[in-house]
Protein chains: 4
Amino acid sequence: MSTKDDLMRAAIRLFAAGGVAATTTREIAAAAGVSEGTIYRHFAGKDQLVDEILSQHCAAFAAELDGVQAQAASKWEKLRALVRQCYIAFDRDPDLFTLLLISRHAPMQRIPVETRTPAGVFQAVIVRGAEGGKIGGLPAPFAAQIGLGMVLQPAIGSLHGEVERPLAPQADAVAGAIWRALSLV
Amino acid sequence: MSTKDDLMRAAIRLFAAGGVAATTTREIAAAAGVSEGTIYRHFAGKDQLVDEILSQHCAAFAAELDGVQAQAASKWEKLRALVRQCYIAFDRDPDLFTLLLISRHAPMQRIPVETRTPAGVFQAVIVRGAEGGKIGGLPAPFAAQIGLGMVLQPAIGSLHGEVERPLAPQADAVAGAIWRALSLV
Amino acid sequence: MSTKDDLMRAAIRLFAAGGVAATTTREIAAAAGVSEGTIYRHFAGKDQLVDEILSQHCAAFAAELDGVQAQAASKWEKLRALVRQCYIAFDRDPDLFTLLLISRHAPMQRIPVETRTPAGVFQAVIVRGAEGGKIGGLPAPFAAQIGLGMVLQPAIGSLHGEVERPLAPQADAVAGAIWRALSLV
Amino acid sequence: MSTKDDLMRAAIRLFAAGGVAATTTREIAAAAGVSEGTIYRHFAGKDQLVDEILSQHCAAFAAELDGVQAQAASKWEKLRALVRQCYIAFDRDPDLFTLLLISRHAPMQRIPVETRTPAGVFQAVIVRGAEGGKIGGLPAPFAAQIGLGMVLQPAIGSLHGEVERPLAPQADAVAGAIWRALSLV
DNA sequence: AATGAATGAGCTTTCATTCAT
DNA sequence: AATGAATGAAAGCTCATTCAT
């Protein structure tokens, strides 16, 4: 069960570096150290390779986030745990995190709707803090996007070299900023 | 000079919908109602078409933001004006805004560094509020990314149908959230 | 309107010589004196090229047969005209005739059912001579196939070099044989 | 030695249904319930698998035809026996018969010339009835093709659903038609 | 300025075949 | 004997780009 993983790892790295469309099957095969035909023994095609990477890691990361959130006692602790876990994940595997980020646009929408997503877990925790459907004077879904943006945008900034890594040390400060921004109590 | 504009408008729409790499020159020409060869009468190639769209609108939007910011008196008013102007721009032309957002990855890096960017204006205003290089306990560039994320992520959310349009009515609430998040004074 | 015809002619020749599956798009393009990509400007794909050749010539040849049959006065004259016209067509363009023959198996079944076929015209003329659904003691459709085989098999034989060309001089003798075989009156 | 037979049976069925070139080794292996590599333990390659099927069954069927023909006393009885035996063979194994029919084009020509073919036996019997090289006013080889076509075309028609099976009950009527067509005595 | 047929490099994909187990 | 992962040559096809009209 190694070749398939090799292919997925190589694909994640190349996709993160150059984008999905610009990465060729030839490059993926070469990076994985196998021949091009081997890709098609493990995946129905390039699209399905992308989909499998996304849905697999999407679900795994969502479960990871859900785990740390469930173990935390208070709202504040849940928020803190989520942010920290996001940045741990980013620091652990920036390529994968990058792919998840840049795929929010096109290929992500092919993922089966029942798949749990990291963003979904995050939003659920924030929305649960809503009082009368409003958070900090904003509709709950809007507020949830704001919270999401506060976590993800620094990650994007670090890809562009505008923010220093690792991100994890800043997790608590970010959680605090979200807490204040959304006037949670 | 209508054909060139038709091409740029068509390209913006298609790029926003499907990504730059996945959009073909054939599709652009068809959407603009001209033949494929006509593209090359107005642009040196697909890349240059992308670059021209980005740098042109990037600079224009940056100038627009800079204008409203310069006219505002206080820090708070500057922030409020920037957020509002962002959402006005989004509501006015979601396709263009989307393109600017999703292009932050590959083609954006071909833009000449001296070109002013919307994100740059935004960051400058926030960083200017820094005291001792720290904002709300975070390094200034990190805080600037957070502020940016608070504005942009709701826009992304609205593309996915998770947030209702128009966004402009929420501008003041978002500015307030940023103010609290970054503990600006 | 020449390139498309060139491609179809080249394809007919190569298909007849080596079979449809064994003929590559590269070969077709080379034989037509154009580049490979040009095929796809005129046809959606190799399959559609095959289909268009078949249905176009199928319909044209069927119309040709129907014309000579309609102009003939008696049953005997109709039969004679059909056989002669078949062999004239074979002698005129053995490649095309060959393609029609060898395509009776797989690709022919993709042709729209409403398309008139040469075999259909032939069978109709024979079946019209049936008395009580029987011809020469055989069910009419069975007899029609026999008549068809008497015309086509010598053509196949000539492809294998077992029968001398041209075939047209034998047309009347073959018509006579069919007449006797099916005990038509 | 069952695996080899399984492979040949599966291949015959698939070849008849979709043609030799369009049938992949993967499909053959799957239909035979073995792995792809196993094919190469029994055959040197796909071509040799085809060749072995064809020459084996070709020779066997030719011998079968020759047997019934030799046992028949008169010309008429020989013809009758041949036709009946052809249709018995078709009814017994339409896939194999179909393969023999449609393979008359490419792979058949790789069969060693000394191998006796069913068509050859058939033609020999008819040609032996020639008087002065002519049969029914036609060159003997031409007449032989006509006789062949009268037997084979109904088989093709039955593959297309235009003629009802089984064919054997019509054998005597077909033999009679050939007798009349070729004015044999 | 505009066309659209043509190009050809390069893409994704297929498939007969090999080989370590 | 059998497997099935791996191969690599070659297939069908795409697409940014060119050019005669």
Side-chain angles (χ1 to χ4, degrees), chain A residues 1-4 6-7 21-30 32-50, chain B residues 1-4 6-7 21-30 32-50, chain C residues 1-4 6-7 21-30 32-50, chain D residues 1-4 6-7 21-30 32-50:
Chain A
M1 231 279 218
S2 183
T3 298
K4 185 168 185 176
D6 289 349
L7 280 167
T23 302
T24 69
T25 51
R26 202 175 300 259
E27 289 168 337
I28 296 169
V34 299
S35 84
E36 230 174 323
T38 298
I39 292 176
Y40 297 86
R41 181 157 296 283
H42 296 282
F43 305 95
K46 189 189 173 187
D47 283 355
Q48 212 234 18
L49 165 58
V50 177
Chain B
M1 181 77 53
S2 179
T3 298
K4 184 167 184 174
D6 288 348
L7 280 167
T23 302
T24 68
T25 52
R26 182 190 289 241
E27 288 168 335
I28 296 169
V34 300
S35 83
E36 232 175 320
T38 300
I39 293 176
Y40 295 86
R41 212 144 279 289
H42 297 281
F43 305 95
K46 188 189 175 187
D47 283 354
Q48 211 236 15
L49 165 59
V50 177
Chain C
M1 229 281 216
S2 183
T3 298
K4 185 169 183 175
D6 289 347
L7 281 166
T23 302
T24 69
T25 52
R26 207 172 297 260
E27 288 168 338
I28 297 169
V34 299
S35 83
E36 225 175 327
T38 298
I39 293 176
Y40 297 87
R41 182 157 296 281
H42 296 282
F43 304 95
K46 188 189 174 188
D47 282 356
Q48 213 234 18
L49 165 58
V50 177
Chain D
M1 182 76 54
S2 179
T3 298
K4 184 166 183 176
D6 288 348
L7 280 166
T23 302
T24 68
T25 51
R26 183 190 290 241
E27 289 169 335
I28 297 170
V34 300
S35 83
E36 232 175 322
T38 300
I39 293 175
Y40 295 86
R41 211 144 278 289
H42 296 280
F43 304 95
K46 188 190 174 187
D47 283 355
Q48 210 236 17
L49 164 58
V50 177

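Just so we're on the same page: letters track the sequence lines, and every chain starts at 1.
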Problem set entry | Partner set under side chain to side chain contact (heavy atoms under 4.5 Å, CB included) for B:Thr24, not counting sequence neighbours | B:Arg26, B:Glu27
For this session: Scan nucleotides 13-21 of chain E nucleotide by nucleotide, 5' to 3', and note B when protein non-hydrogen atoms come under 4.0 Å of the base, S if they reach only the sugar-phosphate, - if neither.
Result: BBSBBB---
Exercise. Could you state the CZ-P distance from B:Phe43 to E:dA2, rounded to the nearest angstrom?
Worked result: 11 Å
Exercise. Can you list the steps and then say if A:Asp6 with A:Val34 is a side-chain contact (heavy atoms from CB on, under 4.5 Å)?
Worked result: CA-CA 9 Å; A:Asp6 289 349; A:Val34 299; 6.0 Å; no
Problem set entry | Secondary-structure stems for DNA chain F, with pairs counted as Watson-Crick or G-U when both distances are under 3.5 Å and runs at least 3 long | E:2-21 with F:2-21
Exercise. In whole angstroms, how far is the P atom of E:dG10 from the CD atom of A:Glu27?
Worked result: 12 Å
Problem set entry | Distance in angstrom units between B:Ile28 CD1 and F:dC15 P, rounded | 12 Å
Exercise. Can you name the closest pair of heavy atoms from D:Thr38 and D:Leu7 and give their distance?
Worked result: O-CD1, 4.4 Å
Problem set entry | Gap separating the CZ atom of D:Arg41 from the OG1 atom of D:Thr3, nearest 0.5 angstrom | 11.5 Å
For this session: Any chance you could measure A:Ser35, atom OG, to A:Tyr40, atom OH, to the nearest 0.5 Å?
Result: 11.0 Å
Exercise. OP1, OP2 of F:dA1 versus side-chain N and O of D:Thr3: anything below 4.0 Å?
Worked result: no
Problem set entry | Partners passing side chain to side chain donor-acceptor pair (under 3.5 Å) against B:Thr23 (at least two apart in sequence or in another chain) | none
For this session: Considering just the side-chain nitrogens and oxygens of A:Ser35, establish if one lies under 4.0 Å of OP1 or OP2 belonging to F:dT7.
Result: yes
For this session: Report the distance from atom CD1 of B:Ile39 to atom C1' of E:dA1, rounded to the nearest whole Å.
Result: 15 Å
Seminar exercise, completed: Whole-Å distance, C:Gln48 CD to F:dC13 P, equals 10 Å
Seminar exercise, completed: From NE2 of C:His42 across to P of F:dC13 the rounded distance in Å is 15 Å
Problem set entry | Worked verdict on A:Leu49 versus A:Thr25 for side-chain contact (heavy atoms from CB on, under 4.5 Å) | CA-CA 10 Å; A:Leu49 165 58; A:Thr25 51; over 6 Å; no
Seminar exercise, completed: The salt bridge (charged side-chain N to carboxylate O under 4.0 Å, His left out) partners of D:Glu36 (sequence neighbours excluded) come to none
